[in-house]
Amino acid sequence: MAEPRVMLCVGATKAGTSWLHRALSGHPDVHFRALKELHYFNALENGAVERRIAEVTVQRDRLLARQAEASLLKRRRLAAPIADHEAYLALLGRGCEDVPGYLAYLAKGRGRAQIVGDATPAYGLLPVERLRAMARMATDVRFVYLLRDPVERLWSHIRMMAVRRSDDGQICRDRADRILARTLRGEERQIVIRSDYRGALERLKAAVDPARLFTGFYEDLFEGAAFDRICDFLGIARADASFAVVNRGQP
């Protein structure tokens with residue numbers, strides 16, 4: 001079987017990456033494992049492999065808990081994502097960078113799919129040297145970077161963080177206001193750096209063959225023509241996709 005092409009969706013955060021992942025997951029020529037955001041290369045780059053192991057372990061354990069309480073049919077459906085998490089934990093647990101192992105993980109179970117993928121927006125924050133190595137890790141690696149109106153993206157990201165930092169999973173206006181104020185003062189670094197489209201694009205353009213880099217806009221995603229362009233870029237057949245927004249933030 002021919003070597004698959006690798007698709008890396010590298011950002012930006014809150015710019016439609018979840019929608020694209022869901023749309024491509026339903027495409028017969030594309031294969032993803034159960035984890036949308038692997039965070040493999042940024043964990044390596046930032047010395048955060050142990051933290052990533054802890055995060056994936058929590059996700060795996062939640063799936064196991066659900067499986068224990070589910071009906072027989074649901075238990076069977078949960079078996080595959082649990083296996084995906086355990087295989088990824090095994091990869092992370094090797095304690096060193098293993099790009100062939102990472103590629104083998106992406107390709108496991110792909111069947112006849114031409115594309116294997118990893119949608120991790122945080123990859124867009126990586127330095128040029130790491131991005132360049134990622135671009136060379138297989139014969140054909142293609143990068144997708146999505147942008148969104150910067151004010152809309154920023155406010156969506158702030159609302160997401162306000163929900164994550166709440167005790168009840170609900171947004172609090174005062175908390176969102178405080179996060180916004182800290183962001184404008186440059187204190188919320190993880191929000192600020194994800195707003196730096198120019199920096200991300202300069203790094204990507206320095207590391208990736210222009211023919212292997214697709215840039216698109218959130219505002220265009222929910223039209224059939226935009227998804228057609230992404231399919232053309234990936235070299236796969238055009239297909240219908242649901243154009244509903246995914247992970248719409250709380251107002």
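Ion pair Arg165/Glu188 flagged as a salt bridge, since at least one NZ, NE, NH1 or NH2 atom sits closer than 4.0 Å to an Asp/Glu carboxylate oxygen. A salt bridge links Arg130 with Glu97: the closest approach of a Lys/Arg side-chain nitrogen to an acidic carboxylate oxygen falls below 4.0 angstrom. A salt bridge links Asp140 to Arg142: at least one charged side-chain nitrogen sits closer than 4.0 Å to a carboxylate oxygen.
Across Asn42 and Ala122, no two heavy atoms sit closer than the pair ND2-CB, 3.8 Å. Between Cys231 and Ala239, the closest heavy-atom pair is SG-N, 4.3 Å. For the pair Leu103 and Ala138, the tightest heavy-atom approach, listed with the atom from each and the gap, is CD1-CB, 4.4 Å. Residues Met134 and Phe41 share a closest heavy-atom pair of CE-CD1, 3.7 Å. Taking every heavy atom of both residues into account, Tyr145 and Ala12 meet most closely at OH-CB, 3.7 Å. Closest approach of Ala119 to Phe32, counting heavy atoms only: N-CE2, 4.4 Å.
To the nearest 0.5 Å, atoms SG (Cys172) and CG (Asp177) are separated by 8.5 Å. Separation of atoms OG (Ser156) and CZ (Arg159) is listed at 5.0 Å; rounding is to 0.5 Å. Distance CG/Leu126 to CG/Leu131: 5.5 Å, rounded to 0.5 Å. The line from NZ of Lys108 to CG of Leu91 is 13.5 Å long, rounded to the nearest 0.5 Å. Between the CG atom in Asp29 and the CG atom in Leu234 there is a gap of 10.0 Å [rounded to 0.5 Å]. Note: Ser71 OG to Arg77 CZ = 7.5 Å, rounded to the nearest 0.5 Å.
Under a 3.5 Å cut-off, the side chain of Asp220 and the backbone N or O of Ala226 do not form any donor-acceptor pair. Proximity of a side-chain donor or acceptor of Arg203 to a complementary backbone N or O of Gly199 within less than 3.5 Å is detected. Between the Arg75 side chain and the Ala70 main chain, a donor and an acceptor come within less than 3.5 Å of each other. A donor-acceptor pair under 3.5 Å links the side-chain atoms of Glu219 to the main chain of Asp149, judged by distance alone. The backbone N or O of Leu38 sits less than 3.5 Å from a side-chain atom of Tyr88, completing a donor-acceptor pair. Remark: side-chain polar atoms of Tyr105 are paired, donor with acceptor, to backbone N or O of Asp84 under 3.5 angstrom. Arg175 places no side-chain N or O within donor-acceptor distance of the main-chain N or O of Ile171, the cut-off being under 3.5 Å.
Remark: the Asp118 side chain and the Tyr102 side chain contain an N/O donor-acceptor pair separated by less than 3.5 Å. Side chains of Glu37 and Thr120: no donor on one and acceptor on the other come within 3.5 Å. If you check the side chains of Ser195 and Arg153, you find a donor sitting under 3.5 Å from an acceptor.
The number of heavy-atom neighbours closer than 6.0 Å to CZ of Arg94, taken from other residues, nucleotides and ligands shown, is above 12. Annotation: Arg132, atom CZ; neighbour count of heavy atoms from other residues, nucleotides and ligands within 6.0 Å is above 12. Remark: Arg173 CZ is loosely packed, at most 12 non-hydrogen atoms of other residues, nucleotides or ligands lying under 6.0 Å away. For Arg76, the CZ atom sits in a loose shell: 12 or fewer heavy atoms of surrounding residues, nucleotides or ligands are nearer than 6.0 Å. In Lys205, the NZ atom is not crowded: 12 or fewer heavy atoms of neighbouring residues, nucleotides or ligands sit closer than 6.0 Å.
The side-chain hydrogen bond (donor to acceptor under 3.5 Å, both in side chains) with Gln114 is formed by just one residue from the set His31, His27, Arg5; it is Arg5. Between Leu92 and the choices Thr57, Ile53, Leu44, the side chain to side chain contact (heavy atoms under 4.5 Å, CB included) rule is met once, by Ile53.
Aromatic ring centres of Tyr218 and Trp19 lie farther apart than the 6.0 Å criterion allows. Taking the six-membered ring for Trp and the full ring otherwise, Tyr123 and Tyr40 have centroids separated by 6.0 Å or more.
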For this session: Tell me, with the steps shown, if Gln67 and Leu64 meet side chain to side chain contact (heavy atoms under 4.5 Å, CB included).
Result: CA-CA 5 Å; Gln67 188 184 51; Leu64 286 170; 4.0 Å; yes
